[in-house]
Amino acid sequence: MTIGELARKAGIRTSAIRYYESIGLLKPARVNGRRHFGQEAASRLTLIATAKGASFSLDEIRKILEGNRPNWREAASRKLIELEKAISRATSQREAVGRLLVCSCETISECAAKTAVAQAEDRPAG
C-alpha cells in the first residue's frame, strides 16, 4: 500500500510515517522509487500507537521492536514501576497544592514561613 493508504488505514499523518521511517521504526520496500508498505507496517503502527499510549518513548519502542527475543514484557514491567513512581509523585504534588488552597495566608511567602515553622516544630530535638 502507498504511504497515503497506510496513513488513512492507521489514522495518522503521512509526516508521522515518514518520521518513523527516518528513525528506523518502519522499513518500507521501494517499488519504482516509491515507498510501498505491507500489512506488517500497519501492524507496527498499531504497536507504536499502543506503546506510545502506554507512555513508552520512541527509543524504548525501537528497543522492543529490535529485540532478538520477546522482551516487551520486561519493558512493560519496568514501565509499570516507572509509572507507579510518577503517580506517587503526582499524588504528593496534588496533596501539596490542596494544602495551599486551604491555607488562610494572604501571600505565598507567609504560607512558606508558616510551613517552615511547622516543620521545625515536628523535628525531634537533636
Side-chain angles (χ1 to χ4, degrees):
M1 72 187 87
T2 66
I3 191 170
E5 291 168 335
L6 179 61
R8 281 188 294 283
K9 184 174 186 172
I12 65 171
R13 295 186 310 244
T14 57
S15 59
I17 294 172
R18 285 186 194 96
Y19 177 69
Y20 294 152
E21 179 186 0
S22 74
I23 63 172
L25 292 180
L26 289 175
K27 296 173 182 133
R30 295 282 178 171
V31 178
N32 296 327
R34 301 184 79 184
R35 293 174 183 90
H36 180 77
F37 297 91
Q39 182 56 42
E40 180 185 334
S43 298
R44 275 185 167 241
L45 285 175
T46 299
L47 182 139
I48 291 167
T50 301
K52 282 179 62 180
S55 188
F56 283 92
S57 69
L58 291 177
D59 190 49
E60 291 169 323
I61 294 168
R62 179 185 302 103
K63 289 176 183 172
I64 291 169
L65 290 172
E66 291 174 352
N68 294 329
R69 59 186 174 80
N71 62 354
W72 65 270
R73 287 187 187 275
E74 294 170 14
S77 293
R78 287 190 304 270
K79 182 57 69 175
L80 184 59
I81 291 167
E82 180 184 312
L83 289 171
E84 287 172 348
K85 289 178 182 177
I87 290 168
S88 178
R89 281 191 305 273
T91 300
S92 295
Q93 292 167 340
R94 182 183 64 206
E95 290 169 356
V97 170
R99 286 190 300 275
L100 288 174
L101 291 175
V102 297
C103 178
S104 61
C105 297
E106 292 294 320
T107 64
I108 192 74
S109 55
E110 179 185 351
C111 188
K114 284 183 179 181
T115 300
V117 169
Q119 288 175 345
E121 290 174 353
D122 287 343
R123 289 188 196 120

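Counting from 1, the numbers follow the sequence of the chain as shown. The figures that follow rest on heavy atoms only: side chains count, while hydrogens, waters and symmetry mates do not.
With Thr50 contributing its side chain and Thr46 its backbone, the two residues share a donor-acceptor pair below 3.5 Å. Side-chain atoms of His36 do not come within 3.5 Å of backbone N or O of Arg30 as any donor-acceptor pair.
Between Glu82 and Lys79 a salt bridge is recorded (basic side-chain N to carboxylate O distance below 4.0 Å).
In terms of heavy-atom proximity, Arg44 sits nearest to Leu25 at NH1-O, 2.7 Å. The shortest non-hydrogen separation linking Ala10 to Leu45 is CB-CD1, 3.7 Å. Taking both residues in full, the closest heavy atoms of Leu58 and Tyr19 are given as CD1-CE2, 3.6 Å, listed atom of the first, atom of the second, then distance. Taking all atoms of both residues into account, the shortest heavy-atom contact from Ile3 to Thr14 is CD1-O, 3.8 Å. When all heavy atoms of Leu6 and Ala41 are compared, the pair lying nearest together is CD2-CB, 4.0 Å. Contact record, Glu21 with Pro28: OE2-CG, 3.4 Å, taken as the closest heavy-atom pair.
In the hydrophobic clustering of this structure, Leu80 does not group with Phe56; members are Ile, Leu, Val, Met, Phe, Trp, Tyr whose side-chain heavy atoms approach within less than 4.5 Å, directly or through other members.
Within the model, atoms CD1 of Ile81 and CZ of Arg78 stand 9.0 Å from one another, a figure rounded to the nearest 0.5 Å. Interatomic distance, Glu60 CD to Arg62 CZ, rounded to the nearest 0.5 Å: 11.0 Å. In this structure, OG1 in Thr91 is found 10.5 Å from CZ in Arg89, a value given to the nearest 0.5 Å. Atoms CD and CD1, from Glu66 and Ile64 in turn, are 11.0 Å apart once rounded to the nearest 0.5 Å. Note: Leu47 CG to Trp72 CH2 = 10.0 Å, rounded to the nearest 0.5 Å.
Within a 6.0 Å radius of CD in Gln39, other residues, nucleotides and ligands contribute more than 12 heavy atoms. No more than 12 heavy atoms of other residues, nucleotides or ligands sit less than 6.0 Å from atom CZ of Arg34. When the shell of 6.0 Å around CD of Glu40 is examined, it contains 12 or fewer heavy atoms from other residues, nucleotides or ligands.
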